[in-house]
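This report refers to the structure that appears directly beneath it.
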Number of protein chains: 2
Amino acid sequence: MYGLIWLTDLRNKLDPMDLLIMLTSALCHDLDHPGYSNVYQINAQTELALRYNDISPLENHHCAVAFSILEDSNILKHVTTEQYKHIRAGMIKCILATDMARHNEILNKFKSIQPVFDFRNRDHTEVIMVKVSDISNEARPMAVAEPWLDCLLQEFFNQGDTEKLKGLPVTPFMDRDKVSKPSSQTSFIRFLLLPLFTELTKLFPCLEVQIFFYEIIHSNDNLATQKEAAASKP
Amino acid sequence: MYGLIWLTDLRNKLDPMDLLIMLTSALCHDLDHPGYSNVYQINAQTELALRYNDISPLENHHCAVAFSILEDSNILKHVTTEQYKHIRAGMIKCILATDMARHNEILNKFKSIQPVFDFRNRDHTEVIMVKVSDISNEARPMAVAEPWLDCLLQEFFNQGDTEKLKGLPVTPFMDRDKVSKPSSQTSFIRFLLLPLFTELTKLFPCLEVQIFFYEIIHSNDNLATQKEAAASKP
């Protein structure tokens, strides 16, 4: 998020309070994540799913933990009541928007307002930037991105294994018997990351993500093809 | 809700599982209510507001408490997994819809689908019936309704007093210095209850609530006018 703010020169387009909302939301958006997705929480009827009535249990929890810390630490003690309300409403909106079940809804809304996009419509700018940051691992150099990807896959496969053990529906992209690193990456980049980043490029042509990602996806496609070809060799 | 199901012959329009959802939602929709509204929870930054990120904190809590009791008591142990999912989704939808901040949103949706209303669209039927039951105190005989209204006003004025003591914004219809019983009732019936019941009558002409409520509101208008006239006498 910090890098994105500099790259897109958002410091000159938004006021500091909005940058604070974006940075703090990005920092807090996965607080106390238990390593099992919302789908798991709901299917396994966990305490979080019960507490949040199956509605974005994780994101609601991350956000509640964030404000519990912010209030305990009293970091925001110098802001006015109105500023606090603004920060709280903004952070809640940003953190809840990181539920990937809402990805298409938010992307479609972003697409629909693109032609008349106004940075003064701060709410939507903040939401989109936090979402972009959330799924931007693959936009970083491979040496930085890959170790995090390995951690993520480990977390996914752990959930898939638990789902099998408990007799719960197995989340398709978390099933170690069905998913490989390259196939998982190309699907994620093609269907989730690229459509969002492509829209973002229209707003910030300086990012030129489109060309960049097409290169990545083609290179990953090639990688997948090569690996599959290698694997199928007798 | 029980009376409403009989009056509208819903037993022959919905299946028993949907009636169960409606009855249980109505029964549970205010569980563990602390006697202070959502606005108070948010302004006073209570534990419930923190937990639910200012989003319908009370209704989310009522619903979570409901399922905690249902699971502890194991009442639903004989339903299948699919049936349980259906009951849970339905009850969550119904109970969260009782947040009066969403009244106009739900009423407008109901109005928009009226011309093509289909009882097989069970979700919306259930939501509307639970909402109607929730605010139906004034549809009962005065001797039954008035003691509950007195309790409600006591709760409202208690919140208004607390808001004044704590220096929080005072909820207008909870301010004992500004609200009288007749004025509060005519506003509530005219702006919230009547528009919803009028729409319901279109679906269930047997209820004839329209005529009934016009009589009530006129009688209450007269009551208010008489009381105000009496109070203004030297």
Side-chain angles (χ1 to χ4, degrees), chain A residues 21 24-25 28-29 31-32 38-39 41-74 76-77 79 81-82 84-99 101-102 166-169, chain B residues 21 24-25 28-29 31-32 38-39 41-74 76-77 79 81-82 84-99 101-102 166-169:
Chain A
I21 289 172
T24 318
S25 299
C28 299
H29 85 282
L31 276 175
D32 198 34
N38 278 332
V39 171
Q41 304 294 329
I42 294 167
N43 286 337
Q45 300 175 21
T46 65
E47 203 180 312
L48 280 182
L50 183 70
R51 183 183 307 160
Y52 290 112
N53 303 305
D54 297 348
I55 301 167
S56 303
L58 289 174
E59 292 72 22
N60 267 304
H61 179 58
H62 304 321
C63 196
V65 172
F67 277 95
S68 162
I69 294 172
L70 285 173
E71 283 175 22
D72 285 350
S73 63
N74 221 0
L76 299 172
K77 67 180 168 186
V79 303
T81 305
E82 279 314 302
Y84 182 82
K85 279 186 187 172
H86 175 66
I87 294 170
R88 179 161 167 79
M91 280 185 60
I92 290 171
K93 198 160 186 171
C94 286
I95 295 178
L96 294 190
T98 61
D99 181 349
R102 294 180 55 203
K166 291 194 171 183
L168 298 170
Chain B
I21 291 172
T24 320
S25 299
C28 298
H29 86 282
L31 276 175
D32 199 34
N38 278 332
V39 171
Q41 304 293 329
I42 294 167
N43 287 337
Q45 299 175 22
T46 64
E47 203 179 309
L48 281 182
L50 183 70
R51 182 183 308 159
Y52 291 111
N53 303 305
D54 298 348
I55 300 167
S56 303
L58 289 175
E59 292 72 22
N60 269 303
H61 179 59
H62 304 322
C63 197
V65 172
F67 276 94
S68 161
I69 294 172
L70 285 173
E71 282 175 23
D72 285 350
S73 62
N74 221 0
L76 300 173
K77 67 180 170 187
V79 302
T81 306
E82 280 314 303
Y84 182 82
K85 279 185 187 172
H86 174 65
I87 294 170
R88 180 161 166 80
M91 278 185 62
I92 289 171
K93 198 160 186 173
C94 287
I95 294 179
L96 294 190
T98 60
D99 181 349
R102 295 180 55 202
K166 291 195 172 182
L168 297 170

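Below, chains carry the letters A, B, ... as their sequence lines are ordered, and counting in each starts from 1.
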I'd like to know if the side chain of B/Y52 reaches the main chain of A/A64, judged simply by a donor and an acceptor atom lying under 3.5 Å from each other, with no hydrogens or angles considered.
no

Residue among A/H61, A/E71, A/K85 with most heavy-atom pairs under 4.5 Å to chain B
A/E71

Given a strict heavy-atom distance threshold of 4.5 Å, which part of A/L96 is in contact with chain B: side chain, backbone, both, or neither?
side chain

Any non-hydrogen side-chain atom of A/I92 less than 4.5 Å from a side-chain atom of B/I55?
yes

Closest non-hydrogen atom pair between A/Q45 and B/Y84, with its separation:
NE2-CE2, 3.8 Å

Looking at A/E47, I'd like to know if its CD atom is crowded, meaning that more than 12 non-hydrogen atoms belonging to other residues, nucleotides or ligands lie closer than 6.0 Å.
no

Engaged part of A/I95 at the chain B interface, taking heavy atoms whose separation is under 4.5 Å:
neither

Given heavy-atom pairs under 4.5 angstrom as the criterion, report whether the side chain, backbone, both or neither of B/T81 touches chain A.
neither

What part of A/L50 gets within 4.5 angstrom of chain B, counting heavy atoms only: side chain, backbone, both, or neither?
both

Can you name the nearest heavy-atom pair linking B/R88 to A/N53, along with the distance?
NH2-CA, 3.7 Å

